[in-house]
Amino acid sequence: MAPTTRDRIMTEALRLFGERGFAKTSVAQIEQAAGLSGGSGALYRHFKSKDELLVQAVASRLEDRGAWDQFLSPEFSLAAALDLFTAGGSTVDMIIALCRIGLDRLDHDRDVTRILLRDNSIPAGLLEVFRQQEYAVVLPAVTRGLSELAGDRVRDQDWDATAAVLVGALAHFWIMGDIFDGGHPANVDEDRYLRATAEMIAARLDWAGTEGEDRG
């Protein structure tokens with residue numbers, strides 16, 4: 001099915017916002033990119049303002065979870081899936097696999113990620129959309145996964161904070177690579193970065209287990 005005019009406007013708007021920034025992208029440029037007459041005002045038949053267009057376009061993109069949707073279900077066992085993906089690999093291997101899933105998601109939402117992490121001209125309402133539709137959905141899934149990997153003995157640990165650290169580390173690597181044309185400024189490639197991140201998270205899991213034994 002061919003995309004509707006509204007869908008084309010949202011797709012091209014996100015691309016332009018991601019490339020040029022929200023403030024530097026005009027309505028006429030969006031109209032022209034979407035195959036409409038630039039400067040005709042045709043965009044306003046679908047959206048009240050550029051702000052509304054941005055918020056609705058981001059919300060629509062975040063809702064398009066595709067293959068990632070299964071990982072976000074509360075009933076889904078992330079640890080079991082990671083064990084399957086890595087053919088019974090180590091905890092570090094499973095965390096690396098989880099990291100790659102996260103980077104794939106950031107790449108899928110490349111324009112949205114750029115807008116949120118690199119553009120300080122976006123309306124405040126957009127941050128709440130991201131908080132509710134992405135962060136509040138993804139973070140609990142990562143938290144559940146870490147809790148599963150830790151095991152029953154240490155499920156009372158602060159895995160929310162550990163999940164936030166992990167998600168933040170992935171966001172940092174992605175945005176640095178995007179800013180520096182694909183390479184991290186520290187000259188650390190993806191494999192090395194993800195392994196170092198996974199080893200630190202695995203050490204946190206091991207420490208929690210040791211602490212649980214000490215309490216016992």
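Numbers here simply count residues along the sequence, with the first being 1.
- Counting only residues at least two apart or on different chains, the salt bridge (Lys or Arg N to Asp or Glu O under 4.0 Å) pairs with a member in residues 174-186 are Arg110-Asp178, Arg114-Asp178, Arg118-Asp178.
- Scanning for side-chain hydrogen bond (donor to acceptor under 3.5 Å, both in side chains) contacts around Asp160 gives Thr143, with sequence neighbours left out.
- Residue pairs meeting the ring-ring contact (aromatic ring centres under 6.0 Å, His included) criterion with at least one partner in residues 1-28, sequence neighbours excluded, are Phe17-Phe22.
- Residues that satisfy the salt bridge (charged side-chain N to carboxylate O under 4.0 Å, His left out) test with Asp93, not counting sequence neighbours, are Arg195.
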Only distances under 3.5 Å count here; give the side-chain donor-acceptor pairs of residues 120-132 to other protein atoms, sequence neighbours excluded, each with its distance to 0.1 Å.
{"unit_1": "Ser121", "atom_1": "OG", "unit_2": "Ala23", "atom_2": "N", "d": "3.3"}
{"unit_1": "Ser121", "atom_1": "OG", "unit_2": "Asp119", "atom_2": "OD1", "d": "2.5"}
{"unit_1": "Ser121", "atom_1": "OG", "unit_2": "Asp119", "atom_2": "OD2", "d": "3.4"}
{"unit_1": "Glu128", "atom_1": "OE1", "unit_2": "Arg131", "atom_2": "NE", "d": "3.0"}
{"unit_1": "Glu128", "atom_1": "OE2", "unit_2": "Gln132", "atom_2": "NE2", "d": "2.9"}

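- Residues passing the side chain to side chain contact (heavy atoms under 4.5 Å, CB included) test with Leu106, sequence neighbours excluded: Leu103, Thr113, Trp174.
- The side chain to side chain donor-acceptor pair (under 3.5 Å) pairs that include a residue from residues 42-54 number zero, where partners must be two or more places apart or lie in different chains.
- For Glu12, the side-chain hydrogen bond (donor to acceptor under 3.5 Å, both in side chains) partners two or more places apart in sequence, or in a different chain, are Arg15.
- Residues Leu116 and Asp109 fail the side-chain proximity criterion, which asks for heavy atoms closer than 4.5 Å.
- Listed by first and then second residue, the ring-ring contact (aromatic ring centres under 6.0 Å, His included) pairs involving residues 71-97 are Phe71-Phe76 (not counting sequence neighbours).
- Side-chain contact between Arg100 and Ile96 is present, with heavy atoms from C-beta onward closer than 4.5 Å.
- Listed by first and then second residue, the side chain to side chain donor-acceptor pair (under 3.5 Å) pairs that reach into residues 57-85 are Arg65-Glu134, Ser73-Glu75, Ser77-Glu148, sequence neighbours excluded.
- Partners of Asp158 according to the side-chain hydrogen bond (donor to acceptor under 3.5 Å, both in side chains) rule, which considers only residues two or more places apart in sequence or in another chain, do not exist here.
- By the side-chain hydrogen bond (donor to acceptor under 3.5 Å, both in side chains) test, Arg192 is found to be paired with no residue, residues two or more places apart in sequence or in another chain being considered.
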